[in-house]
Amino acid sequence: MRSRSGVILLVVTGICGLLVALTFAMLVRNRIDAREQAYLIDYTQARLMLNAACCYVLEAGRLGYDGVNLGGAAGAQREAFGWVDVRDGSIGPKHNLTDAPNYAFDPVTPGSFPKIGGRAARFPMEVLVQPPYAVRGDAAPNSVEARLTDPATPSSAPVDSVRYGLPSFPIPDPVPLGMDPQTLAWNALSANETARFTDVVGKWRQGDDRLRPSGSTGAWFRLYRDGPATFVITCGSGGTFGYRPNEVDAAVLAARFGGDRRLYDSLQSEEVRLWYRIEWSPAIGRFANDRDNTGFEKYVSGTWYGGPEDNYQLGQTVRASGTNVLGTIQWVQRLREPPRDW
Amino acid sequence: MLQVRRAFTAIELLVAISIGLIVAGTMFAVFRAVAATANRVARMSQENQALRSGLLAVCEQNVDFWIDADDPQGDTGDPRPDYLKNVIKNAWNTDVWNQSDLTKPIDGNGGQGLRGFDVTRATAKENWCTGSKQGLPFTPFEWLRDLNEFKDPALQLFAPSATALAGSEDETGWDRDYHWAAADERTWFQGDAGVQVPQGSISVNAGSDQTARRLQFGRYAIISHPYRTVALDAGYTDTAFGTVSPPHAWRERMLLSMVNGLGYYGCAEYLPFNTIYSTHGAEFLNAAGTATIRTDNRSIGPLPASSMVAPTPCWFFIGTVSGGGGTTYYGFPGWKGSANELFWGGQILNFGIHPASVYARDPLYPDSNSYNYLGTKHKNQGQALTTGLVALHRDNDARINHSGPIYHGPRGNYEGMDFMKVNMATSKRPLLIQRPGNWPEVLVGTSRVLWGAQFMNTCMVRWSDPVTGRFQSITFNVFGTTLRGARQQRRLPSDYSDVGGWSRWLEPWALRRSRKLTTPLDAWTKVPNDRCLDDYADPANNDPEFKP
């Protein structure tokens, strides 16, 4: 071999080595970036769960629970009056003052949520193919007609000069998913669905509880009631579905984790978990800052505005917050350490 | 045989050299481009990392743990330069740090400047509580016992009473385990919405309007008043009632103590959503122990200790101030001082109060133009002086003007008398104290405002590239720990020199106590969690929640 060949080999090898090293470094960096980005997404999802949990607390205290200790048939759902009953300050939620205060979210398991000091409730929030009672996601089912003419034939007569620029509401909103908003007729079941659902309405009520292959976030929250109106919220995002380690028995492993405890442990170690405490308050309020130029409230309420100087100028409308009939969250506290019970 | 050695001609050489130079030059340019691209990619990666770090920092440190507003570690040995240590200094009136009472508050060097007292308010003419100082959002309740105005035994609101029964109207001291049950009539607003006795013509003038609308909702003081004995003299429209003993006092005292103890932001945070920020007044003593009493019809400040002397207004609106010169400003803004304006701090509005500041033309420019836009007739109604807000929201330097009593908020919503008490913003702080000179700089900041009847945390992350000069920023809202939650995160300092640290909360703090709970809760065992800023150091007080 001539010496020149050896030199070329060395040069080529060196260049290749450099390329490999650079490529490896880039891949590592990309990997790190991807992991950090994934963590940020998980973190964001977990934070969103705080909002979801608060919404649940607000709604559940008023909506009550299906018929347990309600004196009615199972499945009957009756209005409740808050986690601390607004009528007499007793522990709720319950419909009748004489009801037992701790009727359970899970009537089979004694001491389960929402019993104070009972077991926590777990709320996995994976995206279902179709949630029960889903409604169509039409953004503007009754959009205001803004076209003077048909764009296809600009010289034609106005499309709808009567409706132009005016709101009208010919289409109900919302409309159940599976219903044609124009005809209000239910779409027929497909052949596959016929085997699974009794009828279209049954499908709408029941929903499709299969997880969407894409879009499942793995976000979840847990709710533990540690006082009449205080809750520990665990917000998470990952693959554990919100199971605590001591809850992962053989059945859970088989159903959720392929029977592999190590999979659960691995998912748990990579999961984002945040702990909060909140207090629910029965206080409701109305932000009546939704006045427009109609002067409606002026004439209804009668006394707010004493003279012409009190009229609102230019019809300014301020963003309104509607009446909140579900109470409010009095305070939120992030916990620095996991509490004993969650 | 003669060997002919091949050689290049001169032209070939010239051509080859030229091509070689072109190739070399091209390659050089390519390598430079590749290197520049790689460098750019690396910087973008750095910026992305910085952005991610900023996002996490602002969510964790600012929103969830409020470190930007109050550092529980209070690290007085913080090696950072002053301008970084006092990141919150600029968010507050500078004078807050120039404490004249050096024995009480920890100074701002430890990042705990919001734990002291705002002594500047003692002389501020717009101070509704003339002659007093005011607690700040992170002042422990324990320290608030020493507020001058609460030296009155009847209004020692932050000192748990030794004699009053828990759950009674005379109970004092903040009980953080007490759930303000809706069924507890102590929490009720007792005014009669059906009673209104207007007088004369409605005028645009605040004072005359107020005069004209006296006695809205009846003689409230008969039913509820901070003092348990009140002499009600004759007003314009009624005759003297003589001395009465209002059955309710607890709500009024809580209202007054909260607003003076923690400021307006704290008041709105602690009191329930539908609180009506309105009450009859109470006398508050100045530092000298003498009351400053105004008796003209525009006085919304200190009212007579035990009498409602005509023509003092029938209502005391939390946050309402006398601006001097015959001008009345309204704090938790309302409408012309009438009782219709049941005050709300972005919280309640059962009676449909329309904030004055809907007149703001553009929230980005609510400055003097907006002020003028309001028109003279509204200037005195508490709709002016918005420059502090501009500073807050436009460049987030958090230099909040304290000179004026009223500020209105963005998008037609408004805040209270003292803008900075209802809005808490922290100046942008650098994420990295020290960094290589060519690394991106990341600044994070959070503004906490009451907006649209909701608490809102507006966060900002801004990063800039010192090499290219490029900078970008993002703003977003995050839902997280509220002020009360932040106070509960912090351990109660043992004394004024103690920085406190974090409060441990490992196990349930037993059950929230609700005065009228029918289910006995005594079976629950207390756990030794640390006391927080909302607790009292004295375990021997009368409050059973804090008995050992």
Side-chain angles (χ1 to χ4, degrees), chain A residues 29 33 36-37 40 43 47 50-51 54 82 84-91 101 116-117 226-230 232 276-277 279 281-289 291 297 301 303-304 306-307 309-310 312-313 316 318-321 324 327-328 330-337 339-341, chain B residues 45 48-49 52 55-56 59 64-65 179-184 196 202 204 209 269 272-275 335-336 340 347-350 352-355 358-359 377 411-413 452-454 478-482 484-486 488-489 502 504-508 510-512 514-519 524:
Chain A
R29 185 161 204 153
D33 279 354
E36 289 182 354
Q37 190 66 30
L40 194 63
Y43 180 82
R47 292 198 71 95
L50 173 61
N51 195 313
C54 288
V84 175
D85 201 302
V86 296
R87 297 167 294 184
D88 65 350
S90 61
I91 293 177
I116 298 172
D226 70 346
T230 52
V232 172
Y276 293 88
R277 288 189 78 222
E279 179 168 349
S281 165
I284 61 174
R286 174 164 180 259
F287 184 65
N289 192 15
R291 175 182 167 80
E297 293 198 10
S301 56
T303 59
W304 306 127
E309 74 282 1
D310 293 332
Y312 274 37
Q313 298 177 355
Q316 293 200 4
V318 179
R319 193 184 327 183
S321 301
N324 179 6
T328 44
Q330 185 70 29
W331 50 266
V332 178
Q333 177 186 358
R334 170 82 181 273
L335 303 178
R336 296 183 68 243
E337 305 166 69
R340 182 190 64 185
D341 300 316
Chain B
S45 176
N48 286 336
Q49 275 186 317
R52 287 194 295 267
L55 284 168
L56 289 173
C59 291
D64 270 358
F65 291 108
H179 176 78
W180 286 45
D184 186 348
Q196 178 186 357
I202 301 299
V204 297
D209 190 50
E269 162 85 20
F273 184 80
N274 55 357
T275 296
W335 192 253
K336 291 192 171 184
N340 287 329
Q347 290 271 315
I348 64 109
L349 215 45
N350 288 334
I353 305 307
H354 301 298
V358 294
Y359 295 97
K377 61 193 174 207
R411 288 295 173 198
N413 297 295
Q454 301 168 47
V478 182
F479 177 47
T481 298
T482 62
R484 183 170 167 186
Q488 292 175 164
Q489 289 171 341
W502 294 102
R504 289 179 310 140
W505 194 89
L506 301 176
E507 302 181 39
L511 299 178
R512 302 283 94 181
S514 184
R515 289 283 178 255
K516 291 200 171 184
L517 286 174
T518 56
T519 304
W524 285 75

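Just so you know, these numbers come straight off a predicted model, no measurement behind them. Residue numbering restarts at 1 for every chain, and letters A, B, ... go by the order of the sequence lines. The analysis underlying the following values was restricted to heavy atoms, covering all of them including side chains, and did not include hydrogens, waters or symmetry mates.
Side-chain contact between A/Thr328 and B/Pro272: absent, with no pair of heavy atoms (C-beta onward) separated by less than 4.5 Å. Here the side chains of B/Thr481 and B/Gln488 are not in contact, with every heavy-atom distance at 4.5 Å or above.
When heavy atoms are compared at a cutoff of 4.5 Å, A/Arg47 approaches chain B solely by way of its side chain, counted from C-beta outward. There is no contact between B/Asn48 and chain A, counting heavy-atom distances below 4.5 Å. Within the 4.5 angstrom heavy-atom criterion, only side-chain atoms of A/Leu40, from C-beta onward, approach chain B.
Between the B/Glu269 side chain and the B/Arg484 main chain, a donor and an acceptor come within less than 3.5 Å of each other.
Taken to the nearest 0.5 Å, the CD atom of A/Glu36 stands 8.0 Å off from the OG atom of B/Ser45.
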